[in-house]
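Have a look at the structure below before the remarks.
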Amino acid sequence: MDIESYIRTTPDFPKPGILFRDFTPLLAHGPAFAALIDQLKARYADSQIDVVVGIEARGFVLASALAYALGAGTVLVRKAGKLPHEPHAQEYELEYGSSILEISRDAFQDGQRILIVDDVLATGGTVGAALKLIQSHFSVSIEALVFLMELDALNGRQKLPAVPIHSVFHY
Ligand code: AMP
């Protein structure tokens, strides 16, 4: 199964100069989506993962499917203003301005083994903020950061702390 052929690349979206990597055709194709999740399941089957964390919004889709495949739970890292009960928050810089990620205060139990999942690793700003959010408030073991796609030229992984990083496809 050539999973990669279901990733669609669109130039100049959402802004001029951005090569947008869209995996919604892969999600829409049952056998391709299953092959992707099975591949990730095989990689982490022996890692005793308790929770797969998804980053809003496209990370949610991958995280929940992988969590189900691994028999793990799913935790959502959300954009600001979506979670009740005074969540923990982490601000981070975007190309223009800044944004905030949030997580529930009761997201994890001490010692849990987790994966953090998103669709794309670009500059690393988003997953870096998610990592900081989790590491500064919880005592969990981050087994890996998992991406469907990594944009190598942006050197996102160099800006991240020493946590294993796995990307299915590199561009
Ligand atoms: P970054 O914080 O720069 O690592 O960007 C990661 C986030 O932005 C991910 O959640 C992606 O969904 C999105 N993103 C960044 N660059 C692209 C791209 N070229 N194509 C699709 N999504 C992207």
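Residue numbers start at 1 and run along the sequence shown. In listed order, ligands and their atoms are each counted from 1.
Ranked by closest heavy atom to atom 6 (C) of ligand 1, the top entry among L151, V120, I7 is V120. The option from L148, I18, D119 that lies nearest to atom 11 (C) of ligand 1, judged by heavy atoms, is D119.
In summary, the side chains of E91 and S98 do present a donor paired with an acceptor at a separation below 3.5 Å, with no hydrogens or angles considered. Looking at R113 and S141, their side chains never bring a donor and an acceptor atom within 3.5 Å of each other.
Contact analysis leaves I55 out of contact with ligand 1, as no non-hydrogen atom separation drops below 4.0 angstrom. Residue contacts with ligand 1: G156 is excluded, as none of its non-hydrogen atoms falls under 4.0 Å.
Because its NZ or CZ atom is not both nearer than 6.0 Å to the ring centre of F23 and within 45° of the ring axis, R8 does not count as a cation-pi partner of that residue.
In terms of protein heavy atoms, atom 2 (O) of ligand 1 is closest to T126 OG1, 2.5 Å. For atom 3 (O) of ligand 1, the nearest non-hydrogen atom of the protein is T123 OG1, 2.5 Å. Given atom 20 (N) of ligand 1, the protein heavy atom at minimum distance is R21 N, 2.9 Å. In this structure, atom 13 (C) of ligand 1 lies nearest to the protein heavy atom R58 NH2, 4.0 Å. At the top of the distance list for atom 4 (O) of ligand 1, counting protein heavy atoms only, stands G124 N, 2.7 Å. Given atom 10 (O) of ligand 1, the protein heavy atom at minimum distance is D118 OD2, 2.8 Å.
Under the 4.5 Å side-chain criterion, counting only non-hydrogen atoms from C-beta, R58 is not in contact with T24.
Taking any N or O of V127, backbone or side chain, none lies under 3.5 Å from an N or O belonging to ligand 1. Backbone and side-chain nitrogen or oxygen atoms of L19 are examined, and one is located within less than 3.5 angstrom of a nitrogen or oxygen of ligand 1. Some N or O of A122 is nearer than 3.5 Å to an N or O of ligand 1, by distance alone.
For atom 16 (N) of ligand 1, a protein heavy-atom neighbour is found at a distance under 4.0 Å.
Expressed to the nearest 0.5 Å, how far CD1 of I116 lies from OG1 of T126 amounts to 12.0 Å.
Cluster membership for L27 and F169, using ILVMFWY side-chain heavy atoms within less than 4.5 angstrom, is shared. Under the 4.5 Å side-chain contact rule for hydrophobic residues, I142 and I49 do not share a cluster.
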Apply side chain to side chain contact (heavy atoms under 4.5 Å, CB included) to F138 and R105, showing your working. CA-CA 9 Å; F138 299 97; R105 286 177 180 266; 5.6 Å; no

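Nearest heavy atom pair, residue V146 against residue L40, reads CG1-CD2, 3.9 Å.
For ligand 1, the atoms closer than 4.0 angstrom to any heavy atom of F20 are 20 (N), 21 (C), 22 (N).
Here E150 pairs with R157 in a salt bridge; the nearest charged N to carboxylate O distance falls below 4.0 Å.
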